[in-house]
Amino acid sequence: MIFSSIDFLLFFLPIFLIVYGLTPKRLKNVTLLSGSLIFYALGEPKYLWLLLLSVVVNYFFGLHLERHVKGERGIPQERNIPVESSLFGKSNDRHRRKLNKKARRVLCLAVIYNVGLLAVFKSGRVGSGLPLGISFYTFQILSYLFDVYRGEEKRENSFFLLAAYITMFPQLLSGPIVQYGEVRNKLQEREFTVRGVQEGMKLFTMGLASKVLLADRVGILWQEVQVTGFESISTPLAWIAAIAYSMKIYFDFYGYSLMASGAARMLGFDLPENFRNPYMAFSVREFYRRWHMTLGRWFTRYVYIPLGGNRRGEFRTVCNLLAVWALTSVWHGSTANFLIWGMLLWLAIVTERQLKALGAGRLVQRGPGRVLCHLYIWAFIPITWVCFAITDIGQLQIYLGRMFHVFPGLAVNVQDWRTALTDYGSLLAMGAFACTPAVGKLFRRLKDTWPGIILLVALFWMCVWRLQVEGQNPFMYLDF
C-alpha cells in the first residue's frame, strides 16, 4: 500500500485516524505499532517477518550496547591520583578497555547484521525484488545504535516504543530518516488534536498534488522517449526529457516526504525536513545539502565526520568525500550506472571546492554570476539524473550521445521536441515554478484562509479522481 492510492486515502487513513483517536493515550503507541504493521503487510506481506526480525534483533543489540557503554562510564576514579601511578588506576584503565572492546564488538555485530542483510537483498540474490523500506529502516536503526554507542542517546528499554519508532508508517517506506532523539519525547508524550489533523492534512494534500498532478504527469514524457528509443530522438528532445525526468524524481520524492510529514503531524509527530528547494542551489554541493537532507545528514554524521571530515587536509577531505559518494551510490543500487552517477557528483563537488579555493566563489555574489550558477545546476543535474535512471550502460551511452549530438541518430524526427513542448510545455513550466520557494510561501499564506482551504480540498479530490481514472503509480524511491 502506498500513500497515493485509493485504498490508503479513502479507507486505511480515515479508519486508522478514527481508531487512533478513540484509543486511550497510554495505548496510542500500541495502536500506532499495530496500524503500521498492518500498513506494511498490505503492501509487502511476504517480508513482514523481516521487518519484525530487524525490530527484535536490534532492540536487544541496543540493550547490550548501552550496558557495556554505561559500565565503562560507571567506573569510579579517585581524584588527584594519576591513573598511571595507582593500582586502582591501572585496574580501572584495564577494565575500561575491556568494556570498550565489548561495546565495539556488539556494535560490529549489529553493523554486520544490518548492513549484511541490506547487501544481500540489494545484490538480488534473494528474491526478485527489494523488501519495501529496507534501505530506510536499516539506516534508521543504525543511527539509533550509533547514537547509543557514542553516548548521545539513551537506550530504549520499552520494546513497544522502539518498535513504534522503527515501523511508524508515515516514514517507514521512504523516510525521512529520523534520529531517535527527534521523536523520543513525542513517543512518550504527544497530543492528538483536530487542529493537528487539519494541519497535517493540508501538508499531505500538497505532497499528494506534487506526486499525482506533477510527477506522474511530467514523467509520461520520459516514458514516451523510452518507447520511442533513445537512438531515435533529437538532441533538443533528449535535453527536454532529461529535465522532465529531473522534475519527475524530485516531485515524486518531495511529494512523498510532504505526505509523510503530513501524516506524522496528524498523529502528533514532527518529522525533519527532507527537501529545501534544491533546484535553487548555486552548486552541486549545495544542491545535495538541500536534496534528501536526512540521508545526507546520515552520511555526514556517521561516515564523513568519523573519517575526519575536512579536518585533515585537502587530500584527506577529497578521499572522505569519495568514500561518502561511493557508499551513497551503492545504497541506491548495485548496477554500474549508480556508481557513474555518484562519481560524477563527487567529481563536481571536488572541482567546486578547488574553484572556490581559487576565489571563484565570489561570482555567486554578483547578478550575472548567480544566473550562470543556476544555469549550471539546471544543465548538470539532469545529466546526472540520466545516469541514475538508465541502468543499461549501452543505452546510457546512446542517450548521452544524443544529448551532446555525438551519437548518430536512427530515423530521427528533428521536430519531435516541438511536439513534446506542445504536449508538456505547460507542465514543465508549472514544475519549474514549483521548484522555487514561491509555492511554499503561497501555501503558508493561504492554508488557513477559506480560499486556500477550498483550493486544497479541490486539489485533494482532483488527485483522487486522477487515481481513480488512471490508477496508482508507485513512488520511485520504493525501489531503492
Please round to the nearest 0.5 Å and tell me the distance separating atom [atom1] of [X] and atom [atom2] of [Y].
X	Y	atom1	atom2	result
Met293	Leu295	CE	CG	12.0 Å
Arg104	Lys101	CZ	NZ	8.0 Å
Tyr47	Ser54	OH	OG	12.5 Å
Ile249	Ile381	CD1	CD1	11.0 Å
Tyr59	Arg155	OH	CZ	8.0 Å
Phe204	Ser4	CZ	OG	8.0 Å

For residues [X] and [Y], report the shortest heavy-atom separation together with the two atoms involved.
X	Y	answer
Arg353	Leu321	CD-CD1, 3.8 Å
Cys463	Ala209	SG-CA, 3.6 Å
Phe443	Lys202	CE1-O, 3.8 Å
Ile390	Leu396	CG2-N, 3.6 Å
Ala260	Gly175	CB-O, 3.8 Å
Leu237	Ala420	CD1-CB, 3.5 Å

Is it the case that the side chain of [X] and the backbone of [Y] share a donor-acceptor pair, with hydrogens and angles ignored and the cut-off at 3.5 Å?
X	Y	value
Trp417	Ile233	no
Arg285	Ile349	no
Asn320	Gly309	yes

Return a table of donor-acceptor pairs under 3.5 angstrom between the side chains of residues 219-230 and protein atoms on other chains or two or more places apart.
unit_1 : atom_1 : unit_2 : atom_2 : d
Glu224 : OE1    : Tyr424 : OH     : 3.4
Glu224 : OE2    : Tyr424 : OH     : 2.7
Thr228 : OG1    : Glu224 : O      : 2.9

Is the number of heavy atoms from other residues, nucleotides or ligands within 6.0 Å of CZ (Phe60) greater than 12? no

Going by heavy atoms in the side chains, are [X] and [Y] under 4.5 Å from each other?
X	Y	result
Pro170	Phe269	no
Leu53	Leu117	no
Phe169	Leu267	yes
Val284	Ile377	yes
Asn274	Tyr256	no
Asp270	Arg265	yes
Glu352	Tyr376	yes
Val218	Phe251	no

Salt bridge (Lys or Arg N to Asp or Glu O under 4.0 Å) against [X], all qualifying residues, sequence neighbours excluded:
X	answer
Glu156	Arg184
Arg190	none
Glu470	Arg217, Arg466

Counterpart residues, side-chain hydrogen bond (donor to acceptor under 3.5 Å, both in side chains), relative to Gln179 (two or more places apart):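 Testing Gln179 for side-chain hydrogen bond (donor to acceptor under 3.5 Å, both in side chains), a comparison that skips the adjacent residues, returns none.
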
Evaluate Leu258 against Phe275 for side chain to side chain contact (heavy atoms under 4.5 Å, CB included), listing each step before the verdict. CA-CA 9 Å; Leu258 284 179; Phe275 289 87; over 6 Å; no

Pairs involving [range], ordered by first then second residue, that meet side-chain hydrogen bond (donor to acceptor under 3.5 Å, both in side chains) (sequence neighbours left out):
range	value
residues 296-308	Asp147-Arg301, Asp147-Tyr302, Glu152-Arg301, Glu182-Arg297
residues 108-118	Asn58-Asn114
residues 380-403	Tyr279-Trp385
residues 233-243	Ser234-Asp416, Thr235-His405

List in chain and number order the residues that pass side-chain contact (heavy atoms from CB on, under 4.5 Å) with Arg312, two or more places apart in sequence or in another chain; answer none if no residue qualifies.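 Arg312: side-chain contact (heavy atoms from CB on, under 4.5 Å) contacts with Arg316.
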
Between Arg289 and Glu286, is there a side-chain N and carboxylate O pair less than 4.0 Å apart?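 No salt bridge links Arg289 with Glu286.
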
Considering only residues two or more places apart or on different chains, which pairs with a residue in residues 227-254 satisfy salt bridge (Lys or Arg N to Asp or Glu O under 4.0 Å)?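 Pairs touching residues 227-254 that pass the test: Lys211-Asp252.
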
Anything under 30° is parallel, anything over 60° is perpendicular, the rest tilted; go ahead and classify Phe8 against Phe39. perpendicular

Give the intermediate values and the outcome of side chain to side chain contact (heavy atoms under 4.5 Å, CB included) for residues Phe3 and Ser174. CA-CA 11 Å; Phe3 293 157; Ser174 293; over 6 Å; no

I would like to know whether Phe433 and Val439 meet side chain to side chain contact (heavy atoms under 4.5 Å, CB included); could you show each step before the answer? CA-CA 8 Å; Phe433 175 71; Val439 174; 3.7 Å; yes

Side-chain donor-acceptor distances from residues 129-141 under 3.5 Å, at least two apart:
unit_1 : atom_1 : unit_2 : atom_2 : d
Ser135 : OG     : Lys122 : NZ     : 3.1
Ser135 : OG     : Phe480 : O      : 3.2
Thr138 : OG1    : Ile134 : O      : 2.6
Gln140 : OE1    : Val178 : N      : 2.8
Gln140 : NE2    : Tyr165 : O      : 3.2
Gln140 : NE2    : Gln171 : OE1    : 3.0

Is the centre of the His332 ring less than 6.0 Å from the centre of the Tyr477 ring?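 Yes, they do, as the ring centres are separated by less than 6.0 Å.
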
Could you go through the side chain to side chain contact (heavy atoms under 4.5 Å, CB included) check for Trp346 and Val324 one step at a time? CA-CA 9 Å; Trp346 169 75; Val324 166; over 6 Å; no

